[in-house]
Asker: 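Shown below is the structure under consideration.
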Amino acid sequence: QLQLVESGGGLVQPGGSLRLSCAASGFILDYYAIGWFRQAPGKEREGVSYISSRGGSTNYKDSVKGRFTISRDNAKNTVYLQMNSLKPEDTAVYYCAAVHRVRKIAEKDTMSPQSYDYWGQGTQVTVSS
């Protein structure tokens, strides 16, 4: 059974860092592009970052560029989101999602939740002093 499990969330002060992990089981991660999304209370789910199946292409939401870095270790079947210089507005539940590379989603669609087929349960990130 294909499963994605996020971890690494928590409470951090403004300016701090966290590294989120998205571990895949039941499938070979090499064949899937991965997106990170977040959803704050009362808001819609939004795309944060994207990485292609081989890692050659990435994309970021404008507000996290220069602060967040997405990477993947296909040997470990895991994708990471390194988050630095965190701000209170980054507070949300963070989700990772997967789509098979055969789908070849366009760059403009990499931040759209509708482009992805498989989702994790999410991990809470709270940025507060």
Side-chain angles (χ1 to χ4, degrees):
Q1 181 179 356
L2 191 150
Q3 189 174 15
L4 296 169
V5 178
E6 304 92 337
S7 61
L11 173 64
V12 63
Q13 292 187 341
S17 298
L18 286 173
R19 188 177 79 157
L20 304 184
S21 298
C22 172
S25 63
F27 65 104
I28 300 173
L29 197 61
D30 303 40
Y31 299 147
Y32 290 80
I34 300 294
W36 278 100
F37 294 80
R38 67 187 182 188
Q39 188 166 19
K43 295 188 177 181
E44 292 187 354
R45 191 169 297 189
E46 62 178 6
V48 175
S49 186
Y50 159 89
I51 189 166
S52 60
S53 60
R54 299 288 176 84
S57 176
T58 59
N59 196 14
Y60 296 92
K61 177 181 174 62
D62 284 346
S63 63
V64 308
K65 286 180 180 177
R67 300 190 297 123
F68 290 11
T69 303
I70 192 169
S71 62
R72 63 191 300 154
D73 186 341
N74 285 345
K76 295 183 178 180
N77 240 25
T78 302
V79 173
Y80 305 97
L81 185 67
Q82 178 67 43
M83 306 188 297
N84 299 329
S85 302
L86 283 161
K87 304 175 181 180
E89 51 263 43
D90 294 318
T91 295
V93 178
Y94 282 70
Y95 301 87
C96 63
V99 59
H100 198 283
R101 66 187 186 194
V102 72
R103 289 274 302 275
K104 295 181 180 178
I105 56 176
E107 181 177 354
K108 65 178 179 64
D109 296 327
T110 57
M111 295 295 175
S112 172
Q114 288 75 22
S115 298
Y116 295 82
D117 297 319
Y118 306 101
W119 290 83
Q121 294 301 306
T123 185
Q124 176 71 46
V125 171
T126 302
V127 185
S128 175
S129 55

Asker: Main chain of Gly9, side chain of Thr123: is a donor-acceptor contact present, judged purely on distance under 3.5 Å?
Answerer: yes

Asker: Do Asp109 and Ser115 have side-chain N/O donor and acceptor atoms under 3.5 Å apart?
Answerer: no

Asker: To the nearest 0.5 Å, tell me how far Arg72 CZ sits from Ser53 OG.
Answerer: 6.0 Å

Asker: Looking at side-chain heavy atoms only, is the closest gap between Val125 and Arg38 below 4.5 Å?
Answerer: no

Asker: May I ask whether Met83 and Val48 are part of the same hydrophobic cluster, defined by side-chain heavy atoms of I, L, V, M, F, W, Y residues being less than 4.5 angstrom apart, directly or through others?
Answerer: yes

Asker: Membership question, hydrophobic clusters at under 4.5 Å side-chain separation (ILVMFWY): are Tyr31 and Ile34 in the same one?
Answerer: yes

Asker: Using every non-hydrogen atom in the two residues, find where Ala92 and Ala40 come nearest and quote the distance to one decimal.
Answerer: CB-N, 3.8 Å

Asker: Rounded to the nearest 0.5 Å, how far does CG of Asn74 lie from CG of Leu29?
Answerer: 5.5 Å

Asker: To the nearest 0.5 Å, tell me how far Thr58 OG1 sits from Lys65 NZ.
Answerer: 9.5 Å

Asker: When you measure from the side chain of Gln13 to the backbone of Ser129, do you find a donor-acceptor pair of N or O atoms at a distance under 3.5 Å?
Answerer: no

Asker: Any ion pair linking Arg103 and Asp117 (charged N to carboxylate O, less than 4.0 Å)?
Answerer: yes

Asker: Report yes or no: do Ile28 and Val79 belong to one cluster of Ile/Leu/Val/Met/Phe/Trp/Tyr joined by side chain heavy-atom distances under 4.5 Å?
Answerer: yes

Asker: Could you tell me which non-hydrogen atom of Ser63 sits nearest to which non-hydrogen atom of Arg67, and how far apart they are?
Answerer: O-NH2, 3.0 Å

Asker: Kindly state whether the ring of Phe37 and the ring of Tyr116 have centres lying under 6.0 angstrom apart.
Answerer: yes

Asker: Using atom types as modelled and distance alone, determine if a side-chain donor or acceptor of Ser57 lies under 3.5 Å from a backbone N or O of Ser52.
Answerer: no

Asker: Using a strict 4.0 Å threshold on nitrogen-to-oxygen distance, state whether Asp90 and Lys87 make a salt bridge.
Answerer: no

Asker: Decide yes or no on side chain to side chain donor-acceptor pair (under 3.5 Å) for Thr78 and Asp73, but give the supporting numbers first.
Answerer: CA-CA 5 Å; Thr78 302; Asp73 186 341; over 6 Å; no

Asker: Please walk me through it: do Ser128 and Leu11 pass side-chain contact (heavy atoms from CB on, under 4.5 Å)?
Answerer: CA-CA 7 Å; Ser128 175; Leu11 173 64; 4.2 Å; yes

Asker: Around atom CD of Glu89, are there more than 12 heavy atoms of other residues, nucleotides or ligands at under 6.0 Å?
Answerer: yes

Asker: Has the side chain of Gln39 got a donor or acceptor atom that lies under 3.5 Å from a matching backbone atom of Val93?
Answerer: no

Asker: Using distance alone, with no hydrogens and no angle criterion, decide if Arg19 and Tyr80 have a side-chain donor and acceptor under 3.5 Å apart.
Answerer: no

Asker: Above 12 or not: heavy atoms from other molecules or residues under 6.0 Å from CD of Gln121?
Answerer: no

Asker: Whether the side chain of Asn59 engages the backbone of Ser49 through a donor-acceptor N/O pair (distance < 3.5 Å, no angle test) should be reported.
Answerer: no

Asker: Mind checking whether Tyr32 and Phe27 have ring centres under 6.0 Å apart?
Answerer: yes

Asker: Is atom CZ of Arg54 surrounded by more than 12 heavy atoms (other residues, nucleotides or ligands) closer than 6.0 Å?
Answerer: no

Asker: Looking at every non-hydrogen atom in both residues, tell me the closest pair between Ser17 and Asn84 and how far apart they are.
Answerer: OG-OD1, 2.9 Å

Asker: Report yes or no: is the cationic atom of Arg45 (NZ for Lys, CZ for Arg) closer than 6.0 Å to the six-membered ring centre of Tyr95, at no more than 45° off its axis?
Answerer: yes

Asker: Tell me, do Thr69 and Leu81 make a side-chain contact under 4.5 Å, heavy atoms counted?
Answerer: no

Asker: Give me the ring orientation class for Phe68 and Tyr94: parallel if the planes are under 30° apart, tilted from 30 to 60°, perpendicular past 60°.
Answerer: tilted

